[in-house]
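Every value quoted in this text rests on a predicted model; they were computed, and no experiment measured them. Computed over heavy atoms, backbone and side chain alike; hydrogens, waters and symmetry mates excluded.
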Amino acid sequence: MLIGVPLETAAGEKRVATVPEVVEKLVKLGFQVAVQAGAGDAANCSDDAYRAAGAEVLPDAAALWARADIVFKVRPPSADEVALMRTGSMLIGFVWPAQNPALMELLAAKGATVLAIDALPRQLSRAQKMDALTSQAGVTGYRAVIEAANAFGRFFNGQITAAGKVPPAKVFVAGAGVAGLAAIGTAANLGAIVRANDTRAEVADQVVSLGGEFVKVDFEEEGSGGGGYAKVMSEGFQKAQREMYAKQAREVDIIITTALIPGKPAPKLITAEMVATMKPGSVIVDMAGEQGGNCELTVPGQAVVRHGVTIVGYTDLASRLAKQSSTLYANNLLRLTEELCKTKDGTVNVNFEDDAIRGLTVIKEGAVTWPAPPPKLPPAPPPSKSTKADAAPTAKAKGHGHGSVEPMSAKTLGIVFAVGAVLFWFVGAYAPASFLQHFTVFVLACFVGYMVVWNVTPSLHTPLMSVTNAISSIIAIGALVQVAPPLDAAGAADRPNTLILICAVVALVLTAINMFGGFAVTRRMLDMFRK
């Protein structure tokens with residue numbers, strides 16, 4: 001089968017649906033690849049690079065659409081492109097079926113099979129490698145900060161120089177999805193003070209981990225929607241949210257908005273009144289410009305100045321990093337193609353038993369199959385037997401107010417001590433004197449050892465590794481005493497027999513490996529988090 005990659009015709013679109021590095025892998029899967037001349041020029045992918053990778057370069061769109069069995073695209077095709085499409089062929093790319101019903105009718109009339117990459121069920125973990133929405137959102141979040149820095153009149157990081165003090169920029173990110181988190185991480189790395197908000201409370205830890213501060217709305221409501229998106233919130237929540245946004249607008253220098261809800265216009269988060277209260281020279285980057293924008297004053301596709309504030313409403317942020325976004329998108333389509341062609345013989349199988357493929361397929365052989373049924377998520381693991389056995393004691397303990405096990409009563413504690421005293425007296429009365437001495441040392445050693453091991457502060461290791469290192473240290477000390485026993489009054493050492501000496505040396509070697517290995521593993525773990 002022939003995979004065709006046309007030149008994107010949408011205004012300002014510089015991306016291309018595949019890159020030369022991916023063409024080589026598609027050829028290994030058994031496909032032929034054809035690319036329209038000039039399709040990758042804006043993404044720094046020349047026609048010669050495609051030829052060297054094994055692709056055929058066709059002169060125009062008509063020739064490509066007429067021959068291609070499968071068409072890879074970035075933007076939804078125009079009506080003119082659908083007219084060029086061969087009957088019964090396959091289209092893979094962004095389609096947005098909810099927003100483009102007329103396009104769906106045209107594609108269905110062509111008898112096409114259409115896989116909309118934007119319809120991927122993102123809640124499936126195995127679908128992450130095909131998730132083009134995530135890969136492109138990461139690019140746009142990064143680029144949004146770069147555009148903000150370009151329009152802003154100061155450094156992002158604070159500086160103290162002989163010429164004066166420069167305060168750090170304050171950045172507020174509205175929406176902490178993939179794009180928002182990418183923006184938070186980029187702005188924090190540039191040295192700005194970053195704040196963020198999202199209707200989904202579970203993303204607060206992610207915001208903090210990237211160096212931001214999570215600003216909570218003073219209203220309790222869960223905001224998680226399906227497929228990793230947020231949902232439409234109640235009027236009470238929206239009122240409290242507007243008050244919080246108004247406060248942030250007065251304080252910060254840069255606002256980056258990312259809020260989108262599938263199938264609906266972008267919610268208006270920043271009003272004209274809020275813009276008027278911002279400091280002169282401030283910047284708003286509205287990443288939802290293509291869906292109308294999160295700011296009332298956004299002009300989609302343009303950067304305008306209102307009330308002294310620059311409002312950036314570009315709709316081509318991903319295209320402004322065309323090489324990077326094209327490479328990521330091409331890899332997403334490659335992973336999808338691998339799922340469609342498990343036999344690696346250049347033929348595809350649209351298997352509706354696969355939840356990921358079923359969710360992607362919006363039209364199959366001319367029949368509209370969108371929307372797909374919810375994917376079958378794996379059932380929750382059954383509770384273990386130990387959990388069931390512990391349920392009754394836990395419930396009983398909760399009746400005492402703290403959910404913990406009931407402490408031992410004074411009467412029971414007295415009985416335990418009395419029994420222990422009787423046993424100790426019995427041992428002292430009938431056992432040899434040497435045994436009693438060794439028994440006392442044993443009990444004290446157990447107590448001291450317990451206190452030493454379990455009171456080690458895990459400063460350099462994890463708690464478990466700290467405990468094992470403490471035990472190893474005690475073993476090492478005991479082995480050293482056996483290898484080099486103390487001298488007696490006459491200056492002679494009581495040498496142990498050969499078996500004890502061998503065991504002591506082996507114990508020293510093993511404990512040394514454990515302790516030094518623990519430090520080495522900890523160092524490698526720390527190096528993973530260093531930049």
Could you tell me whether the side chain of [Y] reaches within less than 4.5 Å of the side chain of [X], counting heavy atoms only?
X	Y	answer
E339	K129	yes
K73	P6	yes
L181	V178	no
L340	L115	yes
S326	K14	no
F72	V16	no
T9	E81	yes
I254	S282	no

Look up atom [atom1] in [X] and atom [atom2] in [Y], then write down how far apart they are to the nearest 0.5 Å.
X	Y	atom1	atom2	value
M287	Y314	CE	OH	14.5 Å
I357	N349	CD1	CG	9.0 Å
L334	M130	CG	CE	11.5 Å
E296	I311	CD	CD1	10.0 Å
I284	L297	CD1	CG	7.5 Å
M85	D80	CE	CG	14.5 Å

Contact summary for [X] and [Y], nearest pair of heavy atoms:
X	Y	answer
A266	A288	CB-CB, 3.8 Å
A182	G141	CB-CA, 4.1 Å
L106	A79	CD1-CB, 4.0 Å
V35	A55	CG2-CB, 4.1 Å
D118	P97	OD2-CD, 3.3 Å
A330	V19	CB-N, 3.8 Å

Going by an N to O cut-off under 4.0 Å, is there a salt bridge joining [X] and [Y]?
X	Y	answer
K25	E338	no
E56	R67	yes
R358	D354	no
R75	E8	no
R306	E273	no
K279	D253	yes

Quiz item: cation-pi between R195 and F172, 6.0 Å / 45° = no
As a test of understanding, state which of [options] forms a side chain to side chain contact (heavy atoms under 4.5 Å, CB included) with [X].
X	options	result
V114	T361, V71, V95	V95
V57	D48, V33, D47	D47
K247	M244, E251, E243	E251

Is it true that the side chains of [X] and [Y] contain a donor and an acceptor less than 3.5 Å apart?
X	Y	answer
T347	D345	yes
E365	T113	no
D131	T134	yes
D286	T257	yes
Q136	R15	yes

Between T140 and Y142, is a side chain to side chain contact (heavy atoms under 4.5 Å, CB included) present by the stated rule, with each step listed?
-> CA-CA 5 Å; T140 57; Y142 172 87; over 6 Å; no
Between the main-chain N or O of [Y] and the side-chain N or O of [X], is there a donor-acceptor pair closer than 3.5 Å?
X	Y	answer
K323	A42	no
K170	Q248	no
T310	A151	no
D198	A176	yes
N100	L103	no
N150	I146	no
Q36	L7	yes

Could you go through the side chain to side chain contact (heavy atoms under 4.5 Å, CB included) check for V362 and V368 one step at a time?
-> CA-CA 6 Å; V362 296; V368 176; over 6 Å; no
CA sep, side-chain torsions, deciding dist, call: L107, L91, side chain to side chain contact (heavy atoms under 4.5 Å, CB included) = CA-CA 9 Å; L107 291 169; L91 172 69; 4.1 Å; yes
Assess whether side chain to side chain contact (heavy atoms under 4.5 Å, CB included) is satisfied between M278 and I255, documenting all intermediate values.
-> CA-CA 10 Å; M278 295 182 71; I255 295 177; 3.8 Å; yes
Any chance you could lay out the salt bridge (charged side-chain N to carboxylate O under 4.0 Å, His left out) test for K239 and E235, step after step, and finish with the verdict?
-> CA-CA 6 Å; K239 180 180 178 182; E235 181 56 36; over 6 Å; no
Which residues pass the side chain to side chain contact (heavy atoms under 4.5 Å, CB included) test with A259, sequence neighbours left out?
-> P267, L269, N294
Would you call the rings of F94 and Y329 parallel, tilted or perpendicular if under 30° counts as parallel and over 60° as perpendicular?
-> parallel
Verdict with supporting geometry, E13 and S319, side chain to side chain donor-acceptor pair (under 3.5 Å) = CA-CA 6 Å; E13 183 56 70; S319 283; 2.6 Å; yes
Mind checking side chain to side chain donor-acceptor pair (under 3.5 Å) for D69 and listing every partner two or more places apart, or none if nothing turns up?
-> R86
Would you list the atom pairs, donor with acceptor, under 3.5 Å between side chains in residues 203-217 and any protein atom, with sequence neighbours excluded?
from : atom 1 : to   : atom 2 : distance (Å)
S209 : OG     : D205 : O      : 3.4
S209 : OG     : Q206 : O      : 2.7
K216 : NZ     : E220 : OE2    : 2.8

May I ask you to check whether over 12 heavy atoms, not counting those of F31, lie within 6.0 Å of atom CZ?
-> yes
Please check if atom NZ in K110 has more than 12 non-hydrogen atoms from other residues, nucleotides or ligands closer than 6.0 Å.
-> yes
